[in-house]
Amino acid sequence: MAEQTTPDSQEQTRTVTIDGREYPLDQLSESARNQVSNLRVTDQEIQRLQQQLAIAQTARTAYSNELKAELDKFNATST
């Protein structure tokens, strides 16, 4: 889904593209506009969660690397 503004005579018409087809938002039913809004909110939340996951994966890698370093020290002193 992509939202665009396109020239329409002298004013701009906001459109949304779904499955490769453009639809003027002002001509959609209220229910359809609500669903477009819900999709926008959902897409934003998915993006936020993907960023949070990337942060958590980076932290996990750092913790794992630190644990390996500590275990290497432990193994060096216990042999």
Which residues end up grouped with L67 if you chain together Ile, Leu, Val, Met, Phe, Trp and Tyr wherever their side-chain heavy atoms are less than 4.5 Å apart? L71
Under a 3.5 Å distance rule, please check whether R33 uses its side chain to pair with a backbone N or O of L28 as donor and acceptor. yes
Taking the hydrophobic residues Ile, Leu, Val, Met, Phe, Trp and Tyr, and joining any pair whose side-chain heavy atoms are under 4.5 Å apart, which ones share a cluster with L53? none
Return the set of residues passing side chain to side chain donor-acceptor pair (under 3.5 Å) with E70 (not counting sequence neighbours), or none when no residue passes. K73
How would you list, by chain and number, every residue that makes a side chain to side chain donor-acceptor pair (under 3.5 Å) with K68, sequence neighbours excluded? none
Under the side-chain hydrogen bond (donor to acceptor under 3.5 Å, both in side chains) definition, can you give me all pairs with a residue in residues 51-64, not counting sequence neighbours? none
Of the non-hydrogen atoms in P24 and T15, which two are nearest, and what is the gap between them? CA-CG2, 4.0 Å
What residues form a side-chain contact (heavy atoms from CB on, under 4.5 Å) with E45, not counting sequence neighbours? R48, L49
Residues which pass side-chain contact (heavy atoms from CB on, under 4.5 Å) with Q44, listed by chain and number, not counting sequence neighbours: none
